[in-house]
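Note that the coordinates shown come from a computational prediction; the quantities given were computed from them, not determined experimentally.
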Amino acid sequence: MELLRGLKSLRPQYRPCVATIGAFDGVHLGHQTVVAQLAEQGRKYDLPTTVVTFEPLPREYLAADTAPARLQSFRERFEALAALGVDRLLCLRFDENLRRMSAEQFADRIFVQGLGVRSLVLGDDFRFGHDREGGFSLMQAIGEREGFVTLATSTIEFEGDRISSTRLRNALMQGDFATSRACLGRDYEMSGRVIFGRQLGRTIGTPTANIALRLTSVPLSGVFAVTVSGAGLRDALAIANVGVRPTVSAGSRPNLEVHILDGDHALYGERLRVQFLHKLRDEQRFESVDLLKAQIHQDVDGARSWFASSVKDRQST
């Protein structure tokens, strides 16, 4: 998938195309359905597919202190969309210039002049332009005038409720991995490169891989049973702590630490994917490192028991 950064990256060779636009945070089944609709339009018109998204996300720019936790880093979003077969990703920097564009200016600059769209797949709740003045009906009218079709995205539900980034985020916050898996069609995962930490894990017998997160907030917190892939590992059983490490750190930025249950692995500098399967407990502060050590050993035992029971459940079904 080709990455186009900003409006200045648009060249005549990127016109015409079929396109869609949105945050695509999480790339859940609803997003996957939109991409499938887009691919269908691409085949119909024999044109490449373009997904338009933003960085930062609009809500992060407009209200950074109250914006919801990000489900994916930009790299994770890029990789998920690429895996769906999207031809191009146009990432627009959401800044004051973009915010101040009128809906007409936005549509003309991006979809008419910039991309030359022949078909635009758009959510009926999508808002665009200054003060969110534009919506689906306005884009339809612009399309009729400029010669492109505007199609509404399909709604995907699970247990009677719409699948959305908000629903996925709430499920993860509650440790409801059955719902998150149903929303995603896969296990929720985080990824990043292993960096040097404080080496505390090795001193207490549970070495951890500290994974750099390019997020200021994450949708889950606590200790989890996970699997780890990358650097020669494939679905290695592990436990993970996501949070601010209140016993050993006074920081506020979220950390991801992983302890692989079996073997000794050289992972510094490697990129790992961590899939979240089951929540063991909330993050908590301990009065001493010894108490933390004892709890970690309990967590390891709890994870091993959960993995063992999970295997038995799969074998019996």
If you compare all heavy atoms of [X] against all heavy atoms of [Y], which two are closest, and at what distance to 0.1 Å?
X: Pro219; Y: Arg169; answer: CB-CG, 3.9 Å
X: Phe106; Y: Met101; answer: CA-SD, 3.9 Å
X: Ala240; Y: Val226; answer: CB-CG1, 3.7 Å
X: Ala212; Y: Ile195; answer: CB-CG2, 4.0 Å

Is the backbone N or O of [Y] less than 3.5 Å from a side-chain atom of [X], with the two atoms forming a donor-acceptor pair by type?
X: Asp95; Y: Leu98; answer: yes
X: Arg186; Y: Cys183; answer: no
X: Lys279; Y: Ser221; answer: yes
X: Glu2; Y: Asp87; answer: no

Separation between CG of Leu184 and CG of Leu71, rounded to the nearest 0.5 Å:
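These two atoms lie 8.0 Å from each other.
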Candidates Val228, Thr227, Ile260 - the one meeting side-chain contact (heavy atoms from CB on, under 4.5 Å) with Leu237:
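Result for side-chain contact (heavy atoms from CB on, under 4.5 Å) with Leu237: Thr227.
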Once the angle between the rings of His31 and His28 is folded into 0 to 90°, is it parallel (under 30°), tilted (30 to 60°) or perpendicular (over 60°)?
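Ring orientation, 0 to 90° scale: parallel.
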Classify the ring geometry of Trp306 against His278: parallel below 30°, tilted from 30° to 60°, perpendicular beyond 60°.
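Rings of Trp306 and His278: parallel, as their planes differ by under 30°.
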Salt bridge or not between Glu79 and Arg75? Use side-chain N to carboxylate O under 4.0 Å.
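Yes, charged N to carboxylate O under 4.0 Å.
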Could you walk me through whether Asn255 and Leu213 pass side-chain contact (heavy atoms from CB on, under 4.5 Å), step by step?
CA-CA 7 Å; Asn255 294 278; Leu213 296 179; 5.9 Å; no
Answer yes or no: is there a side-chain heavy-atom contact under 4.5 Å between Asp108 and Gln105?
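A side-chain contact under 4.5 Å is absent here.
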Does any non-hydrogen side-chain atom of Met190 lie less than 4.5 Å from one of Ile211?
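They are not in side-chain contact.
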Under the side-chain contact (heavy atoms from CB on, under 4.5 Å) criterion, do Phe78 and Thr53 qualify, and how do the steps go?
CA-CA 10 Å; Phe78 177 92; Thr53 191; over 6 Å; no
Decide salt bridge (charged side-chain N to carboxylate O under 4.0 Å, His left out) for Arg273 and Asp187; before the verdict, give the C-alpha distance in whole Å, the side-chain angles of both, and the deciding distance to 0.1 Å.
CA-CA 11 Å; Arg273 292 186 299 109; Asp187 292 312; over 6 Å; no
Contacts under 3.5 angstrom, residues 134-162 side chains, donor-acceptor by atom type, not counting sequence neighbours:
residue: Arg145; atom: NH2; partner: Glu104; partner atom: OE1; Å: 3.1
residue: Thr150; atom: OG1; partner: Met139; partner atom: O; Å: 3.4

Atom pairs and distances, side-chain donor-acceptor, residues 56-63, under 3.5 Å, sequence neighbours left out:
residue: Glu60; atom: OE1; partner: Leu57; partner atom: N; Å: 3.0
residue: Glu60; atom: OE1; partner: Arg70; partner atom: NH2; Å: 2.7
residue: Glu60; atom: OE2; partner: Arg70; partner atom: NE; Å: 2.7
residue: Glu60; atom: OE2; partner: Arg70; partner atom: NH2; Å: 3.3
residue: Tyr61; atom: OH; partner: Glu96; partner atom: N; Å: 3.2
residue: Tyr61; atom: OH; partner: Glu96; partner atom: OE1; Å: 2.6

Might you work through the ring-ring contact (aromatic ring centres under 6.0 Å, His included) test for Tyr268 and Phe196, ending with a clear yes or no?
CA-CA 7 Å; Tyr268 290 115; Phe196 282 95; 4.1 Å; yes
Hey, is CZ on Arg281 packed in by over 12 heavy atoms from elsewhere, all under 6.0 Å?
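Above 12, so yes.
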